[in-house]
Structures are given as structure tokens and as C-alpha cells.
Amino acid sequence: MSVNRRVLTLDEFTIQQLRDFPNATGELSNLLRDIGLAAKRVNVEVNKAGLVDILGDAGSVNVQGEDVKKLDLFANNQFMGVLRHGISCAGIASEELDDVVVFDDEISNNSKYVCLFDPLDGSGNIDVNVSIGTIFCVYRRITEKGNPCEKKDFLQPGLKQVAAGYIIYGSSTMMVYATRRGANGFTLDPSIGEFTLSHPNIICPENGKIYSVNHGNFFQYEMGVKKYIDACQKRNKTNGGPYTQRYIGSMVSDVHRNLIKGGIFMYPATTDKPKGKLRLLYECNPFAFIMEVCGGKATNGKERILDIVPTELHERSPFFVGSRMMMEELEESMKLNG
Ligand code: P6P
């Protein structure tokens with residue numbers, strides 16, 4: 001069977017990107033390939049999640065006599081493991097871990113990147129078979145190479161990201177990542193066990209007709225958000241609509257759909273959660289970076305997400321992200337109505 005040379009694998013793509021920059025060390029390409037490897041391992045376990053009654057739930061011992069870990073923790077350990085044993089990462093931060101993990105070995109201390117991730121976002125959806133995902137981002141460390149990385153390497157504003165991406169474990173398994181050169185999507189081909197380039201040069205449509213928000217919190221939102229949602233519902237054939245409301249409660253899936261088709265995703269502050277629910281460093285920043293690379297926008301309702309200087313590893317932020325024109329309409333409504 002002839003190999004399809006027209007379809008680039010993730011490894012081939014990252015190496016091809018490297019060839020365009022002869023002076024590049026290849027560390028970032030290696031790091032992205034490491035993430036792809038961990039994603040394939042997580043994908044195997046996520047696809048078995050429906051069999052938990054057979055394979056055992058977290059905290060139990062499975063038929064092989066192994067301790068069954070929560071999938072979030074399993075995913076965390078997969079991504080942390082490949083990055084620790086790679087050559088490109090000095091340390092990581094994760095939603096699953098209270099503090100940063102400094103790898104502190106000779107090779108890691110000489111690596112120039114640090115990585116942050118939400119290893120399995122939306123994992124509450126696993127038992128009802130709704131798509132879930134991994135979110136990650138990469139920064140160049142600001143501490144000197146040759147020494148262990150430090151917490152300040154992780155508390156940089158999102159505009160300093162070198163790369164950001166996500167994996168969706170869904171109807172197919174996809175890895176999307178962006179660098180300043182663009183955003184590309186890779187779909188896992190189970191027949192060869194490789195991520196293959198399926199969505200080159202992703203651009204978010206400058207306008208859209210999909211709005212994603214949890215209507216259950218409507219009366220907790222500030223007036224400007226309520227007015228915008230109201231305007232979305234009043235769209236019809238005569239004024240650029242009708243709009244569709246789509247929200248499956250899994251951020252990676254909701255934002256991915258709106259990135260590809262055009263749309264807006266909102267997780268506003270509520271009276272119960274005045275700082276919002278989503279985490280700035282490893283949920284909002286990565287998607288803000290990706291969306292801006294693809295021509296969209298991302299704010300916390302008052303300022304550009306990527307400009308925010310973090311103070312805490314797990315701080316939360318209100319989050320609005322999507323097509324440029326929809327975002328500008330929302331921003332106008334929030335400015336007018338507070
Ligand atoms: P709510 C999943 O728990 C998550 O962190 C995101 O993936 C998702 O967008 C959001 O929370 C859903 O939150 O409050 O609408 O159920």
C-alpha cells in the first residue's frame with residue numbers, strides 16, 4: 001500500500017516548520033511532538049471511559065491489579081511525564097496540581113520553555129459521553145537557563161505565549177495548536193496512530209451566528225451581557241440572523257466549534273462567581289492566543305485577556321472569546337450598559 005505523502009503527520013509538520021528556521025534549536029518542535037504523544041495515550045483511556053463499570057472506577061483496582069486513577073490525574077501524569085522526560089521543558093503547572101513542578105535535572109534546567117495545562121477539561125462530561133479536552137500553552141522562561149525554573153516563569157501575561165493549543169477527545173480526536181506563524185489542526189488517524197494535518201491555517205470567520213453561554217446564569221450576569229444575549233435572541237433574517245445558541249458545557253468543544261464556524265463563547269462573571277469560573281493561565285490565555293492568531297478577539301469584558309498580568313497560578317477570569325465582529329458588538333453593549 002503506497003504511503004499517502006500528501007498528508008503530513010504532526011511530526012513531519014513540526015519538522016517542516018523547523019526547516020524554515022535553520023537557526024531554531026528544535027526544542028519547541030520536540031515539545032509539541034511530546035504533547036502529541038501524551039495526547040495519544042490519554043485518548044486511549046478516554047475512549048475506554050464508558051467501560052468504567054468493567055474496568056473499574058477511580059480508586060478501585062482493575063483486573064490487571066493496577067490502581068485505577070481518576071482520568072484527570074491519569075491525563076495530568078501523562079503530560080507531565082512526557083515533558084519531564086523530554087528535552088524542551090524546565091517545568092509545568094497544571095489545574096490538577098496546587099503548585100508548579102520544577103523538573104530540576106540537568107537537561108530540564110537547560111531547557112528554555114515551561115508549559116501549563118488543564119489536562120482534562122470538562123471531565124465531568126465523561127460519564128455522559130460528551131467530548132472533553134486538554135488545553136495547553138508554552139512560555140519561554142524568563143529565569144536563566146542552567147538553573148531550575150521558578151514560579152515567575154509561569155506568571156507571565158498571555159501575550160508572551162510562544163505556542164498554545166488543545167486536544168479534543170470527541171467524535172474524532174483532534175489536536176489544534178497555534179504559534180505566531182498560524183494555527184493548524186491535526187486529526188488522529190487510528191490506522192497509523194498519527195495526528196495528520198486536517199485543518200491547515202485555521203482562520204476564525206470575522207462574523208458568526210452561534211452564541212455560547214450558560215443561560216441558567218442569565219439573571220446573574222451584568223446588564224451589558226444580558227443586553228447582548230437579548231440582542232442575539234432578537235436576530236432574524238432581516239438583521240443578520242437568526243442566531244443559534246449552542247452550549248455543551250465543555251469549553252474545548254464549544255470554543256473549537258465557534259473558532260471553525262464563527263461564533264462567540266461567553267463565561268461571564270456572575271453574582272455567585274464575581275471573578276468568573278474559568279482559569280486565566282491554562283484555560284483563558286491559551287484560547288485567547290489561538291483566537292487572536294486566527295483573527296478573533298478575547299477579553300475579560302474590560303481588557304484584552306492577553307494583557308492581563310497574572311498574580312496567582314489558579315486565578316479565575318470572566319472570559320469572552322470569538323469572532324471579531326461579534327466580540328466588538330458585545331464590547332459595545334458592555335461599555336454602554338455596564
Ligand atoms: P457551567 C467544564 O467544567 C468547564 O470548566 C468548561 O469546560 C465549561 O465551559 C464550563 O466549565 C461549564 O461551566 O457552569 O456552565 O457548567
Side-chain angles (χ1 to χ4, degrees), residues 121-122 135 157-159 203-281 283-312 314-338:
D121 179 73
I135 312 166
L159 59 89
I203 299 295
C204 181
E206 66 170 2
N207 207 352
K209 297 182 179 178
I210 299 172
Y211 69 102
S212 304
V213 69
N214 183 336
H215 270 274
N217 298 329
F218 181 84
F219 292 105
Q220 294 191 52
Y221 297 148
E222 62 185 271
M223 187 51 72
V225 174
K226 288 195 279 195
K227 290 273 189 188
Y228 176 72
I229 294 172
D230 192 51
C232 289
Q233 293 175 313
K234 288 175 179 164
R235 289 278 183 163
N236 54 46
K237 287 182 187 155
T238 64
N239 59 4
Y243 279 13
T244 298
Q245 201 269 346
R246 285 284 182 274
Y247 188 80
I248 70 167
S250 183
M251 177 186 196
V252 178
S253 300
D254 279 323
V255 180
H256 174 71
R257 178 198 54 241
N258 294 1
L259 171 68
I260 301 299
K261 293 190 166 187
I264 188 168
F265 173 89
M266 298 174 273
Y267 205 105
T270 63
T271 43
D272 290 349
K273 299 185 181 86
K275 290 190 181 299
K277 173 182 183 182
L278 301 177
R279 309 284 187 172
L280 174 63
L281 269 65
E283 290 178 331
C284 302
N285 270 336
F287 276 115
F289 179 85
I290 295 163
M291 192 55 85
E292 287 201 10
V293 165
C294 296
K297 297 185 78 173
T299 76
N300 65 359
K302 293 178 175 54
E303 64 179 305
R304 183 184 178 218
I305 286 284
L306 297 183
D307 289 337
I308 300 173
V309 180
T311 53
E312 292 167 28
H314 300 291
E315 70 182 70
R316 300 176 192 269
S317 171
F319 190 49
F320 306 88
V321 65
S323 295
R324 181 181 60 79
M325 293 174 71
M326 298 180 87
M327 283 293 295
E328 287 170 357
E329 191 182 338
L330 166 72
E331 288 163 345
E332 187 63 23
S333 175
M334 293 179 81
K335 201 181 298 176
L336 285 175
N337 301 290

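Considering NZ of Lys302 and CG of Asp307, their distance stands at 15.5 Å, rounded to 0.5 Å. One finds the CD atom of Gln245 at 8.5 Å from the CD1 atom of Ile229 (value rounded to the nearest 0.5 Å). Summarising the geometry, atom CD belonging to Glu222 is positioned 11.5 Å from atom OG1 belonging to Thr271; distances are rounded to the nearest 0.5 Å. Between the CD atom of Glu315 and the CG atom of Leu281 there is a distance of 6.5 Å, given to the nearest 0.5 Å. The SG atom of Cys204 sits 11.5 Å away from atom CD1 of Ile290, with the distance rounded to the nearest 0.5 Å.
Of the charged side-chain nitrogens involved, none lies within less than 4.0 Å of a carboxylate oxygen, so that Lys275 and Glu312 do not count as a salt-bridged pair.
The neighbour count for Lys227 NZ, taken as heavy atoms of other residues, nucleotides or ligands under 6.0 Å away, does not exceed 12. In this structure, Arg246 places its CZ atom where only 12 or fewer heavy-atom neighbours from other residues, nucleotides or ligands lie under 6.0 Å away.
The minimum heavy-atom distance linking Asp254 with Gly249 is given by the pair OD2-N, 3.3 Å. For Lys226 against Phe218, the heavy-atom pair with the smallest separation is CD-O, 3.4 Å. Nearest heavy atoms, Arg235 versus Gly240: NH1-CA, 4.0 Å. In terms of heavy atoms, Lys234 sits closest to Asn239 at O-ND2, 3.5 Å. Across all their heavy atoms, Ala288 and Phe319 have their closest contact at N-CZ, 4.2 Å. Heavy-atom minimum distance, Cys284 versus Ser317: SG-O, 4.1 Å.
No donor-acceptor distance shorter than 3.5 angstrom exists from the side chain of Asn300 to the backbone of Ile305, with no hydrogens or angles considered. A donor-acceptor contact shorter than 3.5 Å links the side chain of Ser333 to the backbone of Gly224.
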Determine, stepwise, if the pair Leu306 / Asn285 fulfils side-chain contact (heavy atoms from CB on, under 4.5 Å). CA-CA 6 Å; Leu306 297 183; Asn285 270 336; 3.8 Å; yes
Test Met334 against Phe320 for side-chain contact (heavy atoms from CB on, under 4.5 Å), laying out the working first. CA-CA 11 Å; Met334 293 179 81; Phe320 306 88; 3.9 Å; yes
Stepwise, does the side-chain contact (heavy atoms from CB on, under 4.5 Å) test hold for Val252 with Phe287? CA-CA 9 Å; Val252 178; Phe287 276 115; 4.1 Å; yes
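A salt bridge (charged side-chain N to carboxylate O under 4.0 Å, His left out) check over residues 206-215, counting only residues at least two apart or in different chains, returns the pairs Glu206-Arg324.
A donor-acceptor contact closer than 3.5 angstrom is absent between the side chains of Asp272 and Thr270.
With sequence neighbours excluded, no residue forms a side chain to side chain donor-acceptor pair (under 3.5 Å) with Arg316.
Ring-plane geometry between Tyr211 and His215 is classed as perpendicular, the angle between the planes exceeding 60 degrees on a 0 to 90 degree scale with a lower cut at 30.
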